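Beneath this line is the structure, given in structure tokens, with notes to follow.
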Amino acid sequence: MAVEFSPATLEKFHETVSRYPKKEAAMLPVLYLAQQEFGYLGPEAIDYVAKLMGQSPARVHGVVSFYTMYNMKPIGRHHIQVCRTLSCALGGAEKITGFIKKKLAIELGQTTADGRFTLSEVECLASCGTAPMMQINDDYYENLNEERVTEILDSLK
Ligand code: FES
């Protein structure tokens with residue numbers, strides 16, 4: 001199945017690119033648009049973005065695989081990203097991740113069988129003062145403990 005932007009996203013693409021002095025500099029926001037449109041950045045989406053940006057698919061793949069905010073395969077409706085960097089690590093991030101793994105019966109990088117959750121570890125999300133913390137889709141959840149994590153996960157359908 002060929003992938004391509006909807007007319008509305010194509011308009012956003014042109015608007016985004018026009019804000020940068022060089023097309024290549026818009027790579028990250030364009031990839032974000034593509035992820036919003038296609039759900040994840042598989043080989044077809046990467047080829048499509050490469051064509052739009054005038055870059056090689058290998059170059060686009062390199063960018064996508066470097067950043068944890070891009071998903072190269074389908075993910076659950078709620079993408080749990082637990083920060084594992086210093087403040088969060090000292091605050092018990094590993095314990096939080098272990099608790100989530102056990103509660104959802106998945107390992108890092110896996111998605112629950114019902115497609116509800118995908119679990120990842122990420123680097124600092126710039127909310128170190130409220131460690132340990134995690135991001136789920138676009139929202140931050142801070143000062144976590146097992147009770148709070150249970151409440152949060154149970155509230156997400
Ligand atoms: S160390 Fe976790 S948000 Fe910075």
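The figures here come from the full heavy-atom set of this structure, side chains too, leaving out hydrogens, waters and symmetry mates. This structure is a prediction, so every number in the text was calculated from the model and none was measured. As the structure lists them, so they are numbered: ligands from 1, and atoms in each ligand from 1.
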Next on the checklist: Is the shortest side-chain heavy-atom distance between R148 and N143 below 4.5 Å?
Outcome noted: no
Checklist outcome for this item: Heavy-atom nearest pair, D47 first then P57, reads OD1-CB, 3.4 Å
Next on the checklist: Quick check on contacts: which atoms of ligand 1 are under 4.0 angstrom from a heavy atom of L125?
Outcome noted: 3 (S)
Next on the checklist: So if I count the atoms of ligand 1 from 1 in the order they appear, which ones are less than 4.0 Å from some heavy atom of A126?
Outcome noted: 3 (S)
Next on the checklist: Please classify the C88 to ligand 1 contact at 4.0 Å (heavy-atom distances, strictly less than): side chain, backbone, both or neither.
Outcome noted: both
Checklist entry - Atoms of ligand 1 less than 4.0 Å from S87 heavy atoms? => result 1 (S)
Item to check | Stepwise side-chain contact (heavy atoms from CB on, under 4.5 Å) test for I136 and M134 | outcome: CA-CA 7 Å; I136 302 181; M134 64 183 172; 3.8 Å; yes
Next on the checklist: I need the minimum non-hydrogen distance between L125 and C83, along with the two atoms involved.
Outcome noted: N-SG, 4.2 Å
Checklist entry - To the nearest 10 degrees, how large is the angle at atom 4 (Fe) of ligand 1 between C124 SG and C128 SG? => result 90°
Checklist entry - Which of the atoms in ligand 1, numbered in the order shown and given with their element, are less than 4.0 Å from a heavy-atom of T85? => result 1 (S)
Next on the checklist: For F13 and F5, take the angle between the two ring planes, folded into 0 to 90°, and tell me which bin it lands in: parallel under 30, tilted 30 to 60, perpendicular over 60.
Outcome noted: tilted
Next on the checklist: Can you report which non-hydrogen protein atom sits closest to atom 3 (S) of ligand 1, along with the distance?
Outcome noted: S127 N, 3.3 Å
Checklist entry - Does atom CD of E123 have more than 12 heavy-atom neighbours, drawn from other residues, nucleotides or ligands, at distances under 6.0 Å? => result yes
Checklist outcome for this item: Quick look: P132 vs ligand 1, heavy-atom contacts under 4.0 Å, and the answer is neither
Checklist entry - Of all the atoms in ligand 1, which lie at a distance below 4.0 Å from a heavy atom belonging to C83? => result 1 (S), 2 (Fe), 3 (S)
Item to check | Check: L153 and F117 side chains under 4.5 Å, non-hydrogen atoms | outcome: yes
